Q: 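Structure below; questions to follow.
Every value quoted in this text rests on a predicted model; they were computed, and no experiment measured them.
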Amino acid sequence: RVIIINMDMTIREETENREREYLSPYASRSCDSKGRRNPEDKCDIRTEYQRDRDRVIHSKSFRRLKDKTQVFLSPDGDHYRTRLTHTLEVSQIARTMAKALRLNEDLTEAIALSHDLGHTPFGHAGERALNEVCDLGFRHNEQSVRVIECLEKDGRGLNLTEEVLDGVLNHETHLMPSTLEGKCVRLADKIAYTYHDMDDAVRAGILEDRIPESISSLLGDNAKARLNFLVHDVITFSEGRADVGLSPAAAEALMDLRKFMNDNVYTNPEAKSEEGKAEGLVKTLFSYYMENIDKLPGYLLKKLEENENEQVIVCDLIGSMTDRYAISCYSELYIPKTWHG
């Protein structure tokens with residue numbers, strides 16, 4: 001077998017050519033990216049979106065996701081989801097949809113892997129706490145963009161493409177990304193957490209793997225069937241369209257399932273019994289660092305010198321903490337140590 005290599009083209013350029021030939025007319029092609037806010041020379045091997053994905057995977061904020069809460073605070077078991085495993089499940093589901101729809105898998109993966117980089121310790125409990133104490137508010141999707149733009153790499157940022165930033169910022173329910181790849185991630189996020197939060201709740205003994213007949217009659221009577229149905233529905237409904245979404249019936253059923261989860265898991269006293277303590281811990285750390293601003297790391301102190309808001313900078317620090325590190329900081333500051341004489 002003879003392999004012909006075009007010596008006049010880089011590997012990246014060959015990949016970009018394949019994208020032009022294969023991807024859907026509605027896909028985001030790497031060569032058409034709006035680029036980076038700080039222009040860089042292109043890689044000879046990787047497309048722009050491949051570089052974005054790689055930068056996220058090698059970032060500190062991505063690694064910290066393994067010790068951040070998804071739903072259950074400090075669960076007693078090895079198989080409960082964390083923010084990292086949630087992110088990987090979102091990536092897998094989104095890439096499956098993108099591949100079937102001939103969208104750009106690399107862009108989809110880059111958005112999925114970075115969509116929760118700004119999440120706080122203790123999940124949404126930590127987010128609520130910072131939103132309450134910070135005058136400018138705190139929202140994890142906006143913080144994820146801030147992590148990407150100006151907190152990672154000791155304040156230099158990751159300098160990702162505009163398409164990734166757009167997908168990360170707009171993955172929340174009330175927002176909408178401008179690319180179909182971003183829309184895949186937005187839907188995959190909802191499908192993933194509804195699927196795996198119920199799985200974790202069943203594992204914890206809070207729920208049985210049963211949902212109301214009005215929902216299961218369409219989505220299926222077990223977690224695997226529901227996931228399979230929703231992914232197929234997105235692909236079937238979106239194929240050949242300049243949009244990505246669920247059919248009206250599936251969208252309504254997913255909304256009903258999320259309401260069921262909210263009533264039985266997300267507000268369940270057994271699952272959420274420690275959240276009040278977590279919120280109090282986060283608020284206490286916020287007050288401490290506001291009163292002791294000189295204790296911030298050097299790269300954050302530098303941002304203060306650039307006239308950034310003190311509350312925002314303190315949120316940058318606390319939002320970056322893992323559950324374990326936040327508890328350690330609190331203990332170091334407020335829990336008396338045993339004296340060994």
Side-chain angles (χ1 to χ4, degrees), residues 9-36 40 42-59 62 65 84-117 141 144-145 148 158-171 176-193 195-196 227-228 230-246:
M9 277 192 182
T10 64
I11 294 174
R12 170 184 54 79
E13 289 170 332
E14 290 179 349
T15 302
E16 290 173 346
N17 277 343
R18 286 196 295 271
E19 287 183 354
R20 291 188 189 95
E21 296 169 1
Y22 173 74
L23 292 184
S24 160
Y26 308 117
S28 300
R29 288 164 173 74
S30 304
C31 61
D32 296 328
S33 172
K34 294 177 182 177
R36 308 175 189 278
E40 300 178 17
K42 292 189 176 183
C43 177
D44 61 335
I45 296 175
R46 298 167 298 165
T47 67
E48 294 293 82
Y49 301 141
Q50 287 175 325
R51 294 179 81 186
D52 287 349
R53 174 203 60 202
D54 295 351
R55 289 179 185 187
V56 173
I57 288 177
H58 291 293
S59 69
F62 181 77
L65 294 176
L84 178 61
T85 57
H86 161 74
T87 294
L88 296 176
E89 291 184 31
V90 170
S91 178
Q92 176 267 319
I93 293 170
R95 285 191 60 194
T96 296
M97 296 190 297
K99 188 179 186 70
L101 295 171
R102 291 189 296 124
L103 301 177
N104 195 310
E105 288 182 67
D106 295 323
L107 174 57
T108 303
E109 186 175 25
I111 296 170
L113 293 177
S114 52
H115 82 282
D116 270 354
L117 292 181
N141 59 316
S144 294
V145 173
I148 291 168
L158 298 177
N159 197 29
L160 304 188
T161 58
E162 292 288 345
E163 291 78 14
V164 173
L165 295 176
D166 170 81
V168 171
L169 180 63
N170 294 300
H171 77 270
M176 188 63 69
S178 63
T179 66
L180 299 197
E181 291 81 1
K183 291 180 180 182
C184 281
V185 174
R186 179 178 175 272
L187 276 174
D189 186 33
K190 293 167 179 53
I191 293 170
Y193 71 64
Y195 163 75
H196 63 51
L227 177 61
N228 187 61
L230 289 169
V231 171
H232 275 80
D233 185 88
V234 170
I235 294 168
T236 302
F237 185 72
S238 305
E239 192 169 10
R241 301 175 67 225
D243 197 10
V244 173
L246 287 160

Q: Determine whether Leu246 and Leu230 make a side-chain contact, defined as any pair of heavy atoms from C-beta on separated by less than 4.5 Å.
A: yes

Q: Among side-chain atoms of Ser30 and Glu19, is any donor-acceptor pair under 3.5 angstrom?
A: yes

Q: Distance only, no hydrogens: is a donor on one side chain within 3.5 Å (strictly under) of an acceptor on the other, for Ser238 and Arg241?
A: no

Q: Is a donor on one side and an acceptor on the other found under 3.5 Å between the side chain of Glu109 and the backbone of Asp106?
A: no

Q: Can you check side-chain contact (heavy atoms from CB on, under 4.5 Å) on Arg186 and Asn170, steps first, answer last?
A: CA-CA 8 Å; Arg186 179 178 175 272; Asn170 294 300; over 6 Å; no

Q: Less than 4.5 Å apart, any side-chain heavy atom of Leu227 and any of Ile93?
A: yes

Q: Can any side-chain N or O of Arg29 pair as donor or acceptor with the backbone N or O of Leu23 at less than 3.5 Å?
A: yes

Q: With no hydrogens and no angle check, do the side chains of His58 and Asp54 hold a donor and an acceptor under 3.5 Å apart?
A: no

Q: If you count every heavy atom of other residues, nucleotides or ligands that lies below 6.0 Å from Glu162 atom CD, does the total exceed 12?
A: yes

Q: Whether the side chain of Arg51 engages the backbone of Arg46 through a donor-acceptor N/O pair (distance < 3.5 Å, no angle test) should be reported.
A: no

Q: Counting only N and O atoms by type, is there a donor-acceptor contact under 3.5 Å from the side chain of Glu48 to the main-chain atoms of Ser33?
A: no

Q: Answer yes if the side chains of Ser28 and Glu181 hold a donor-acceptor pair under 3.5 Å, and no otherwise.
A: yes

Q: Below 4.5 Å, heavy atoms only, C-beta onward: do Thr87 and Phe62 meet side chain to side chain?
A: yes

Q: If we only count heavy atoms from C-beta on, is the Glu89 to Tyr195 side-chain gap below 4.5 Å?
A: yes

Q: Would you say the side chain of Leu165 lies within less than 4.5 Å of the side chain of Ile148, judging by non-hydrogen atoms?
A: yes

Q: Pairing donors with acceptors under 3.5 angstrom, does anything connect the side chains of Ser178 and Asp166?
A: yes

Q: Are Leu107 and Val164 packed together at the side-chain level, in the sense that at least one heavy-atom pair is separated by less than 4.5 angstrom?
A: yes

Q: Tell me whether Gln50 contacts the main-chain N or O of Thr47 through its side chain, where contact means a donor paired with an acceptor under 3.5 Å.
A: yes

Q: Using a 4.5 Å cut-off on heavy atoms from C-beta on, say whether the side chain of Thr15 contacts that of Thr10.
A: no

Q: Does any non-hydrogen side-chain atom of Arg36 lie less than 4.5 Å from one of Asp52?
A: yes

Q: So, does Ser59 use its side chain to make a donor-acceptor pair with the main chain of Val56 at under 3.5 Å?
A: yes

Q: Treating Arg55 as the side-chain partner and Asn159 as the backbone partner, does any N or O pair qualify as donor plus acceptor under 3.5 Å?
A: yes

Q: Can a side-chain donor-acceptor contact be found between Asp189 and His86 if the only test is distance below 3.5 angstrom?
A: yes

Q: Yes or no on salt bridge (charged side-chain N to carboxylate O under 4.0 Å, His left out) for Asp44 and Arg12, after CA distance, side-chain angles and deciding distance?
A: CA-CA 5 Å; Asp44 61 335; Arg12 170 184 54 79; over 6 Å; no

